[in-house]
Protein chains: 2
Amino acid sequence: MHTRTRRYHHGDLRAALLTRAEDTLREKGPAALSLRELARDLGVSHAAPSRHFKDKQALLDALALTGFERLTAVLGASRDGVGETFAERLDAMVRAYVGFARENAELLDLMYSIKHDPEASDALREAEQRWSDLVVRLIGEGQAQGQVREGPMERVGLPVFATLHGYADLAVAGMLPPEADEHGLDDVIAFILRGSAPA
Amino acid sequence: MHTRTRRYHHGDLRAALLTRAEDTLREKGPAALSLRELARDLGVSHAAPSRHFKDKQALLDALALTGFERLTAVLGASRDGVGETFAERLDAMVRAYVGFARENAELLDLMYSIKHDPEASDALREAEQRWSDLVVRLIGEGQAQGQVREGPMERVGLPVFATLHGYADLAVAGMLPPEADEHGLDDVIAFILRGSAPA
DNA sequence: ACCTGAACACCGTTCAAGT
DNA sequence: ACCTGAACACCGTTCAAGT
């Protein structure tokens, strides 16, 4: 039973740092996130995090990456068993994304924030694409069923993705008008269906 | 000619701080923005900014506010003389917004970032609404011309606004696929027109 | 391999004091 | 009214040294 033994160094400091960082990001916002405080919370020295993240931005990038991975996992799984029609599956995906955005507002803000480090942004762009590809794939399936207009999946899918992301981003920023609570999502979904309907 | 006289204190330190803050935000990103460095750049003591902004977040909020005001001014002015049809005017507005977003990427990021201070966010929400109202008004005019589907302007306009904001936000975050450069904007505009066309 | 402890050069914020 | 200068409690990052 040496798993309960308090060892000199942390078991998986990297993962612990990410988990703790997400908690404080959610609770206190990005400005309050400090490497030294994370280290203090986890009972390691303030220099320990540098073994796992070369600087603070690297930790934030890694956190954004886990966000995209979780989002892809959750929305990929939610594709199963939500009905057959394109409208039903689109409805489910839009609501799932907006739900994720609202529940992880600070994280989503970070995921779609500007990266001034161009090297780190490559991995993030790839992770983001794995998620947006779920929407593109949905478009492809809709086309196969004749429920979505013809054309290259990526081109047909991009305005759809922009719409649902835009709505989620406005929700996260707290910029949706009060009336949106009632009809906002319904209106957005109907709008997407009209915009992507067969000609 | 005492305007050229170097006075003991700054002429309009508040405005100078905002201008300089926007420059460094654009050039070095939000993480590199420090009150002390701003003060140094402007030749005042590091405590001087606190006379005009109670803390760093207050300066960032004020900066975001000027962003919304400039956006509203620019897009409000660009409404004049761009053609008569709804399609033409929508096209102009979408391109103008995406253009503003690309030219002021870091600022737009700030404008739509989460505010953890709920009191400061009221003013920002109002400023944001003055800009999004331009889109709603455009919808209203389109309805009057019979070129936009019926319904409450705000409800018809919100999915339209979400779409163009979502596209701009993806562009700013560097998350648009490479192919979007060619057809992205055209596809988004056509998508919006289909989604808001009369039934 | 992984972490510590000290050191360095920075921060944001506050506050008495100056003009 | 507006700003200074000193002070306080923090930061991020680096690096020799420890285990």
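In what follows, every chain begins at residue 1, and chains take the letters A, B, ... in the order their sequences are listed.
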Measure the distance from [atom1] on [X] to [atom2] on [N] and round it to the nearest whole Å.
X: B:Leu33; N: D:dG12; atom1: CG; atom2: P; result: 17 Å
X: A:Lys56; N: C:dC10; atom1: NZ; atom2: C1'; result: 13 Å
X: B:Leu38; N: D:dC3; atom1: CG; atom2: P; result: 14 Å
X: B:Leu35; N: D:dC11; atom1: CG; atom2: C1'; result: 14 Å
X: A:Gln57; N: D:dC11; atom1: CD; atom2: P; result: 18 Å
X: A:Lys54; N: D:dG12; atom1: NZ; atom2: P; result: 15 Å
X: A:Arg36; N: D:dA9; atom1: CZ; atom2: P; result: 15 Å
X: A:Arg14; N: C:dC3; atom1: CZ; atom2: C1'; result: 17 Å

If you check the [X] side chain, which of [options] turns out closest?
X: A:Asp55; options: C:dT4, D:dT13, D:dC3; value: D:dT13
X: B:Ala48; options: C:dT4, D:dT4, D:dT14; value: D:dT4
X: A:Leu13; options: C:dC3, D:dT14, D:dA7; value: C:dC3

Could you please name the partner base of D:dA6, counting Watson-Crick and G-U wobble pairs only when both distances are under 3.5 Å?
-> C:dT14
Opposite nucleotide pairing with D:dA1, Watson-Crick or G-U, both atom distances under 3.5 Å |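 Check on D:dA1: paired to C:dT19, both distances under 3.5 Å.
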Could you tell me whether the side chain of A:Glu88 and the main chain of A:Thr85 form a donor-acceptor pair under 3.5 Å?
-> yes
Indicate yes or no: does A:Lys28 engage A:Glu37 in a salt bridge with an N to O separation below 4.0 Å.
->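 A:Glu37 and A:Lys28: salt-bridged.
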If you measure from the Lys or Arg side-chain nitrogens to the Asp or Glu carboxylate oxygens, is any gap between A:Arg26 and A:Glu22 under 4.0 Å?
->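 Yes, A:Arg26 and A:Glu22 are salt-bridged.
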Quick one: is [N] close enough that its OP1 or OP2 comes under 4.0 Å of any side-chain N or O from [X]?
X: A:His52; N: C:dC3; result: yes
X: B:Ser34; N: C:dG12; result: yes
X: B:Ser45; N: D:dG5; result: no

When A:Ala47 and A:Glu37 are each assigned the nearest nucleotide of DNA chain D, the 5'-most assignment goes to A:Glu37
Base of C:dT4 paired with side chain of A:Arg51 (donor-acceptor, under 3.5 Å) =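 No such pair is found, so the answer is no.
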Stepwise side chain to side chain donor-acceptor pair (under 3.5 Å) test for B:His165 and A:Tyr167 = CA-CA 8 Å; B:His165 173 66; A:Tyr167 190 81; over 6 Å; no
Hey, can you tell me if B:Tyr112 and B:Phe68 have their rings parallel, tilted or perpendicular (30° and 60° cut-offs)?
-> perpendicular
Which part of the nucleic acid, if any, lies within reach of A:Arg40 when heavy atoms closer than 4.0 Å are counted: base, sugar-phosphate only, or nothing?
->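 It contacts sugar-phosphate atoms only.
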